[in-house]
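The structure under discussion appears below in the form of structure tokens.
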Amino acid sequence: MSKQITKHKGKSRIWMLWTLAVLIAAAAGAGIFAYWKYKQSKPHVGKPQQKIEVKSTASIQDNYDVIVVGTDPEGMSAAISAARNGQKTLLVDGRNRDVLGGLMTLGWVNSIDMNYAPGKKSILGKREVLNKGIFSEWYNKIEGDSFDVTSAANAFYELVKNESNIDLLMKTRSIVPVLGKGKNGNSKIEGIKVVKEDGSEQMIGTSAVIDATQDGDIMAETGVPYTYGLEDVGNKEAKMAVTLVFRLKNVTSDVWKQIEKRLNGDDDPGTGANEVSAWGYKELYDYPAINKNRVKMRGLNIGRQNDNTALINALQIFDIDGADPKAREEALQIGKEEIPHVVDFMKKNYPEFKNVELDGTAPELYVRETRHMQGEYRLTIADVLENKDQWDRVAFGSYPVDIQRLSPNDTGKVVCAPEQYAIPFRSLVPLKVDGLLVVGRAASYDSLAHGSARVIPVGMAEGQAAGVAAKLAKESNMSFRELSASKETVAKMQDILNKQGMVLKPFSLEPQAFMKHKQYEGLKAVVSLGLVTGGYKNEFYLDQKSNAKRMVNLIGGSKKMDPGTFKGDASSAIKGMETPEKTPLSLDQASFTITEALGLKVPKEAAREELIKNGLLTEATIGTIQDKENLTNGDTYMMIKDIKQVLKPE
């Protein structure tokens, strides 16, 4: 009997293993088939398409359920979503455009900053893309993470023309919001007044406007509060560089192979290339600019086109107010004068570029940063740093917090590299104005958080959510503000979005090592002030020894947030030191640096007690300091955390 049982167990094991093998093979086969279908659906690299010019719908109604302003990708997604949810939708653009896609197709920014989920790759070696839905529909119609701008514009048009609920109004001369009275003292947007291409005017009513302009133009016109550039971290005049993308011709398959060979074989993990994208050529940081006060090159981001051309995103132009049309024109002129010299430099220094020629510059300027709306919730850099989920999640981010150069002498910075965080619906709902949602880079993010959340996949996910929210607000007779506070209605919105292709599930990630550090609260404080960065690897060096000079720099950075409170000069604390950058930092020296910066005239030996007396240094912070004669970075960050409470950003 026992032998029979053993025999049957053996057969059972064999059967289970065989079944498991079949299931694995089936899954792999299904994955391969799905990947084959995916590849079949994409345009083949090297086959140009005819550009489809987009014209306004013949007759524009006097009233719509939803008006979406802006034909950038976020606007495409918002309009398609609203239409699919049964809303008669007007998609209107205020710039002189004849194709859809805005920044991606007319700004020629043809490489996508993707958002990937954390974790292992799939069986086919592909990473899971966050923010599926309409973004993925469009992405599956283009060549890859870089794309031909014509095929991208045509893909947008194909998605829009399939929706009978969408009317298009292109090339308007102006768009002005029409305001009435909302709830609780707020204004309410009731429609828009447009001046059309032919000069005629039309009032168009609606109960919902989605501002998908890159700069929050409608939001600003209605009186919604916002910050500008890096104003919220004490740099009122600072904003990231703008870029004029340029196109090279004679980028043949052979040239592309040489580019791939160089960038994939240089043993630099920060460079690389695939069939459609290339990133590298860091030596161009040393390009000797003709207009050295206004421009600077960085490494090349190259996006391949289907006609033996390639688009180059690399020239950075400074001191430009991207929301000002005259300033944008100035930047275009500066770029057009500099780019021929850049191309000559490339031809002389890289053999693969010796036969390329300049083939034009983008019709529109790539502006990275202007207005940051104040909404019901403001996404913070701490949210990004901590991979925070949100109960009202409508999108996910994971792109590194990339703050591009602010001036030619700046190097730019990567604040941190999140794994995954959520964008709350509340960040689309502006303060003080009802009937309005804002999607894209002008949404309610702090400027540092914007460095990650500004990317296209996030904005398109927000647009899709806005389209659903418009339907639910109307059905429920709610304002967007009321909807954003209703967990029941938000859950319904998320359910609809999931059924329409988004994947908006709650998540929780294991805290990274730096978050478990005893002085993490100090780190969070200095990161939120824009004083410390961790780069792509989140290396914050909390236990590294600090020095007297570094403390002065930290306090100097804090001072810019509230010059009125810091009435003194931190550098006076190291006066007379021969090498402050090599001088170990004691608790007394650190305290003295703070009192000097605050204008509290006390001797060094009394500085610590002075801070404690004024509530600017806590016993809890002192308790985290192990060696009071050799402070670490973490020790100094905790001290900054204590004084942060007195800062009053203007």
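Position 1 is the first residue of the sequence, and the numbers go up from there. All values reported here derive from a predicted model rather than from experimental measurement.
Distance CD/Q374 to CG/L431: 6.5 Å, rounded to 0.5 Å. Between atom CD1 of residue I218 and atom CG of residue D211 there is a gap of 5.5 Å, rounded to the nearest 0.5 Å.
Note that R368 lies in the cation-pi zone of Y366, set by a 6.0 Å cut-off to the ring centre and a 45° limit from the axis. A cation-pi arrangement is present between R371 and Y226 under the rule of less than 6.0 angstrom and at most 45 degrees off the ring axis.
With 3.5 Å as the limit, one finds no donor-acceptor pair spanning the side chains of Q87 and N165. A donor-acceptor contact closer than 3.5 angstrom is absent between the side chains of Q49 and N306. Between the side chains of N115 and Y399, not a single donor N or O lies within less than 3.5 Å of an accepting N or O. Side-chain contact check for Q500 and R84: no donor-acceptor pair (N or O, by modelled atom type) lies under 3.5 Å. Side chains of Y421 and S452: a donor on one and an acceptor on the other come within 3.5 Å. Side-chain contact, D402 with Q404: a donor N or O sits under 3.5 Å from an acceptor N or O. A donor and an acceptor atom, one from each side chain of R378 and T227, are located under 3.5 Å apart. In this model, a donor atom of one side chain and an acceptor atom of the other lie less than 3.5 Å apart for S146 and S111. In this structure, a donor-acceptor pair under 3.5 Å is absent between the side chains of S151 and N154.
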Discussion item. For E201 and K196: C-alpha separation, side-chain torsions, deciding distance, then whether salt bridge (Lys or Arg N to Asp or Glu O under 4.0 Å) applies.
Written reply: CA-CA 6 Å; E201 295 184 0; K196 298 179 183 178; over 6 Å; no

Fill in: Verdict with reasoning, M502 to Q464, per side-chain contact (heavy atoms from CB on, under 4.5 Å)
CA-CA 9 Å; M502 289 292 289; Q464 186 167 353; 3.8 Å; yes

Worksheet item: Are T361 and L332 close enough, and set up right, to give a side-chain contact (heavy atoms from CB on, under 4.5 Å), and what steps lead you there?
Response: CA-CA 9 Å; T361 57; L332 288 170; over 6 Å; no

Discussion item. Please evaluate residues V224 and L436 with respect to the criterion side-chain contact (heavy atoms from CB on, under 4.5 Å), reporting the C-alpha separation (whole Å), side-chain torsions for both, the decisive distance (0.1 Å), and the verdict.
Written reply: CA-CA 10 Å; V224 172; L436 177 65; 4.3 Å; yes

Practice prompt. Start with the C-alpha distance between F425 and W391, add both sets of side-chain angles, then the distance that settles ring pair (Phe, Tyr, Trp, His ring centres under 6.0 Å), and finish with yes or no.
Written response: CA-CA 9 Å; F425 177 69; W391 67 269; 9.0 Å; no

Fill in: Steps toward side-chain contact (heavy atoms from CB on, under 4.5 Å) verdict (M170, L100)
CA-CA 10 Å; M170 304 293 289; L100 301 178; 4.0 Å; yes

Discussion item. Using the rule given for salt bridge (Lys or Arg N to Asp or Glu O under 4.0 Å), can you reason through K487 versus D392, listing the C-alpha separation, both sets of side-chain angles and the distance that settles it, and then say yes or no?
Written reply: CA-CA 8 Å; K487 293 194 174 182; D392 56 340; over 6 Å; no

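Sorted by first and then second residue, the ring-ring contact (aromatic ring centres under 6.0 Å, His included) pairs with a member in residues 92-112 form an empty list; sequence neighbours excluded.
The side chain to side chain contact (heavy atoms under 4.5 Å, CB included) test with V109 singles out one residue from N301, T243, I456, V245, and that residue is V245. In summary, of the residues considered (N131, L428, L437), a side chain to side chain contact (heavy atoms under 4.5 Å, CB included) with E462 occurs for L428 alone. For the side chain to side chain donor-acceptor pair (under 3.5 Å) with T370, the lone residue among D324, D215, D217 that qualifies is D215.
Taking the charged nitrogens against the carboxylate oxygens, K188 and D434 have no contact shorter than 4.0 Å, which rules out a salt bridge. Ion pair E197/R173 not flagged as a salt bridge, since none of the NZ, NE, NH1 or NH2 atoms sits closer than 4.0 Å to an Asp/Glu carboxylate oxygen. Using a 4.0 Å cut-off between charged side-chain N and carboxylate O, R304 and D145 make no salt bridge. Ion pairing of E137 with K132 is absent here, as no side-chain N (NZ or NE/NH1/NH2) approaches a carboxylate O to less than 4.0 Å. A salt bridge between D98 and K171 is absent, with no side-chain N of the basic residue lying under 4.0 Å from a carboxylate O of the acidic one. A salt bridge links R95 with E364: at least one charged nitrogen is closer than 4.0 Å to a carboxylate oxygen. Salt bridge R328/D321: absent, no basic N to carboxylate O contact under 4.0 Å. Between E330 and K326, none of the side-chain N atoms (NZ, or NE/NH1/NH2) sits under 4.0 Å from a carboxylate O, so this pair counts as no salt bridge.
Using a distance-only test at 3.5 Å, with no hydrogens or angles considered, a donor-acceptor pair links the side chain of S476 to the main chain of L472. Listed for the S484 side chain is no donor-acceptor partner under 3.5 Å among the backbone atoms of R426. For T172 (side chain) and D93 (main-chain N/O), a donor-acceptor pair under 3.5 Å exists by modelled atom type. Remark: the backbone N or O of L529 is not paired with any side-chain donor or acceptor of K644 at under 3.5 angstrom. No donor-acceptor pair under 3.5 Å is formed between the side chain of N110 and the backbone N or O of V149.
The nearest pair of heavy atoms linking E510 to E419 is O-OE1, 4.3 Å. Taking each heavy atom of V209 and V69 in turn, the nearest pair found is CG1-CG2, 4.2 Å. For the pair E158 and N162, the tightest heavy-atom approach, listed with the atom from each and the gap, is O-ND2, 3.0 Å. T89 and A82 make their closest contact through OG1-CB, 3.4 Å (heavy atoms, listed as atom of the first residue, atom of the second, distance). Shown here for N63 and I204, the closest heavy-atom pair between the two residues is N-CG2, 4.4 Å. Closest heavy-atom contact between G216 and T213: N-OG1, 3.1 Å.
In the displayed structure, K181 atom NZ is contacted under 6.0 Å by at most 12 heavy atoms of other residues, nucleotides or ligands. Around atom NZ of K88, more than 12 heavy atoms belonging to other residues, nucleotides or ligands sit under 6.0 Å away. In this structure, D198 places its CG atom where more than 12 heavy-atom neighbours from other residues, nucleotides or ligands lie under 6.0 Å away. Few gaps surround CD on Q61; more than 12 heavy atoms of other groups in view lie less than 6.0 Å from it.
Between F507 and F396, the two ring planes are perpendicular [angle over 60°; tilted spans 30° to 60°]. Between F135 and W138, the ring planes lie tilted relative to each other; the angle falls in the 30° to 60° range.
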